[in-house]
Amino acid sequence: MIGADPYAVLETVDPDTWPEDFDPYEAALRQFTPDDPAPLSRLLNSDNDWVTRRGLYLFSELGRKSFPVLDDAICHIDNPDSMARNDLLDGLLCHTQRLSSGHVRQVLRVEDLEDQTDPPSGLVRSKVITLLGALDKGTVRRAVSEIPDEEMRARHLDALDNAPTRFDDIQQVLDIACSQKGIEQVYAFAALESAARRDLIKVTPECEGCDDACDWVVWQMKRHINRNFQRNDPAGWEKW
């Protein structure tokens with residue numbers, strides 16, 4: 001539908017009233033510009049849950065262009081819909097080089113850090129692990145030190161301090177991480193992803209009988225190892 005404002009359409013709660021043959025999501029993504037983030041910011045600050053979830057979906061799809069609305073989006077880290085939190089994490093993963101310790105501290109509030117049996121929640125947890133593994137270590141430590149609740153801050157500091165720093169026997173390190181629970185496992189897995197990203201791990205360990213988070217981390221490690229191999233030895237990569 002030519003001339004329709006996709007953001008105004010998305011603010012209309014009932015999708016049955018939307019114009020026919022018009023995809024407001026596609027149009028909103030195409031229309032968005034970082035110089036004018038107000039329409040998306042309006043969705044993210046809506047009082048209606050459905051509207052804010054639509055805004056979070058757009059945030060997840062815009063990549064680095066979405067940075068101007070990051071503060072509006074991250075306020076929804078405790079959204080009761082796990083898929084909305086998943087969209088938020090997808091968006092945040094595009095901004096790992098620009099997140100402040102305050103942003104990271106918000107992420108550390110997400111309920112999915114503890115063990116969850118709900119699959120969508122497990123997906124959010126996996127993406128928090130990847131986010132922490134991609135961040136500068138100093139930013140993570142500052143974020144943890146700024147957690148206002150003393151007991152929670154102590155738990156996070158212990159988990160951060162006990163995360164692996166040596167990766168000589170990568171299979172043993174992974175097995176130990178898989179045996180851990182809660183935030184201790186989150187920081188251990190994040191350390192593994194970080195090490196693989198920084199080319200400190202050359203061989204992908206095996207993950208058998210572990211949970212979905214372990215499978216996710218091993219997949220991420222393999223991706224980084226392959227990328228580093230391709231970058232460090234292009235000729236060898238071609239032969240391989």
Side-chain angles (χ1 to χ4, degrees), residues 1-114 116-132 134-135 143 148 186 212-213 216 220:
M1 180 178 178
I2 299 175
D5 179 353
Y7 292 95
V9 172
L10 290 169
E11 284 183 284
T12 304
V13 177
D14 184 1
D16 290 337
T17 64
W18 293 356
E20 293 185 8
D21 301 322
F22 178 69
D23 185 344
Y25 294 102
E26 181 183 354
L29 291 171
R30 189 170 58 248
Q31 181 177 306
F32 180 82
T33 169
D35 295 330
D36 182 22
L40 179 51
S41 179
R42 198 167 62 241
L43 297 184
L44 291 168
N45 286 291
S46 171
D47 292 331
N48 184 276
D49 289 342
W50 286 107
V51 175
T52 57
R53 290 173 193 176
R54 293 165 189 165
L56 288 170
Y57 169 76
L58 295 177
F59 177 73
S60 75
E61 291 291 313
L62 283 167
R64 295 180 182 178
K65 290 170 61 178
S66 68
F67 184 75
V69 297
L70 188 149
D71 288 339
D72 294 322
I74 205 168
C75 292
H76 297 285
I77 194 67
D78 54 359
N79 191 293
D81 184 342
S82 57
M83 293 312 296
R85 299 194 299 277
N86 181 65
D87 284 338
L88 172 59
L89 263 296
D90 278 341
L92 293 178
L93 282 167
C94 298
H95 304 297
T96 55
Q97 302 303 311
R98 304 180 73 178
L99 296 180
S100 68
S101 59
H103 293 135
V104 179
R105 187 177 71 251
Q106 289 275 71
V107 173
L108 296 178
R109 293 195 299 112
V110 70
E111 66 182 48
D112 313 271
L113 287 188
E114 301 294 347
Q116 298 289 329
T117 56
D118 177 42
S121 185
L123 184 59
V124 175
R125 186 168 181 262
S126 297
K127 291 180 180 179
V128 172
I129 289 168
T130 294
L131 180 70
L132 292 175
L135 291 169
V186 166
D212 291 341
W216 170 275
Q220 289 287 340

Nearest atoms (heavy-atom pairs only) where [X] meets [Y]:
| X | Y | value |
| --- | --- | --- |
| Arg53 | Ala84 | CG-CB, 4.0 Å |
| Ser126 | Ala213 | OG-CA, 3.7 Å |
| Ala73 | Leu88 | O-CD1, 3.5 Å |
| Ser101 | Ala143 | O-CB, 3.4 Å |
| Thr96 | Ala134 | CG2-CB, 3.9 Å |

Under the side chain to side chain donor-acceptor pair (under 3.5 Å) rule, collect the residues that match up with [X], sequence neighbours excluded.
| X | result |
| --- | --- |
| Ser41 | Asn45, Asp72 |
| Thr12 | none |
| Asn79 | none |

Distance (rounded to the nearest 0.5 Å) between [X] [atom1] and [Y] [atom2]:
| X | Y | atom1 | atom2 | value |
| --- | --- | --- | --- | --- |
| Leu92 | Ile77 | CG | CD1 | 6.5 Å |
| Leu89 | Leu131 | CG | CG | 6.5 Å |
| Asn86 | Ser60 | CG | OG | 8.0 Å |
| His103 | Leu135 | NE2 | CG | 11.5 Å |
| Asn48 | Arg54 | CG | CZ | 7.0 Å |
| His76 | Leu56 | NE2 | CG | 5.5 Å |

(request) Keeping the roles fixed (side chain from Trp216, backbone from Leu123), state whether a donor-acceptor pair exists under 3.5 Å. (result) no
(request) For the pair Tyr7 (side chain) and Ala28 (backbone), establish whether a donor and an acceptor sit closer than 3.5 Å, ignoring hydrogens and angles. (result) yes
How would you list, by chain and number, every residue that makes a salt bridge (Lys or Arg N to Asp or Glu O under 4.0 Å) with [X], sequence neighbours excluded?
| X | result |
| --- | --- |
| Arg109 | Asp78 |
| Asp90 | Lys127 |
| Asp23 | none |
| Glu11 | Arg42 |

(message) Looking at Trp50, I want to see if its CH2 is surrounded by more than 12 non-hydrogen atoms of other residues, nucleotides or ligands under 6.0 Å.
(response)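 Counting other residues, nucleotides and ligands, CH2 of Trp50 stays at 12 neighbours or fewer.
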Any [X] side-chain heavy atom under 4.5 Å of [Y] side chain:
| X | Y | result |
| --- | --- | --- |
| Thr52 | Leu44 | no |
| Phe32 | Pro37 | yes |
| Pro24 | Trp18 | yes |
| Arg105 | Pro148 | yes |

(request) Please report the C-alpha distance between Val51 and Leu10 in whole Å, then the side-chain angles of each, then the deciding distance to 0.1 Å, and finally whether the side-chain contact (heavy atoms from CB on, under 4.5 Å) criterion is met. (result) CA-CA 7 Å; Val51 175; Leu10 290 169; 6.0 Å; no
(request) Could you check Glu111 against Ser82 for side-chain contact (heavy atoms from CB on, under 4.5 Å), going step by step and ending with a plain yes or no? (result) CA-CA 10 Å; Glu111 66 182 48; Ser82 57; over 6 Å; no
Tell me every residue that passes side chain to side chain contact (heavy atoms under 4.5 Å, CB included) with [X], counting only those two or more places apart in sequence or in another chain.
| X | value |
| --- | --- |
| Ser66 | Phe59, Leu62, Val69, His95 |
| Glu61 | Leu29, Tyr57 |
| Asp36 | Thr33, Ala38, Pro39 |
| Asp14 | Asp16, Thr17 |

(request) Would you mind listing every salt bridge (charged side-chain N to carboxylate O under 4.0 Å, His left out) that reaches into residues 92-102, with sequence neighbours excluded? (result) none
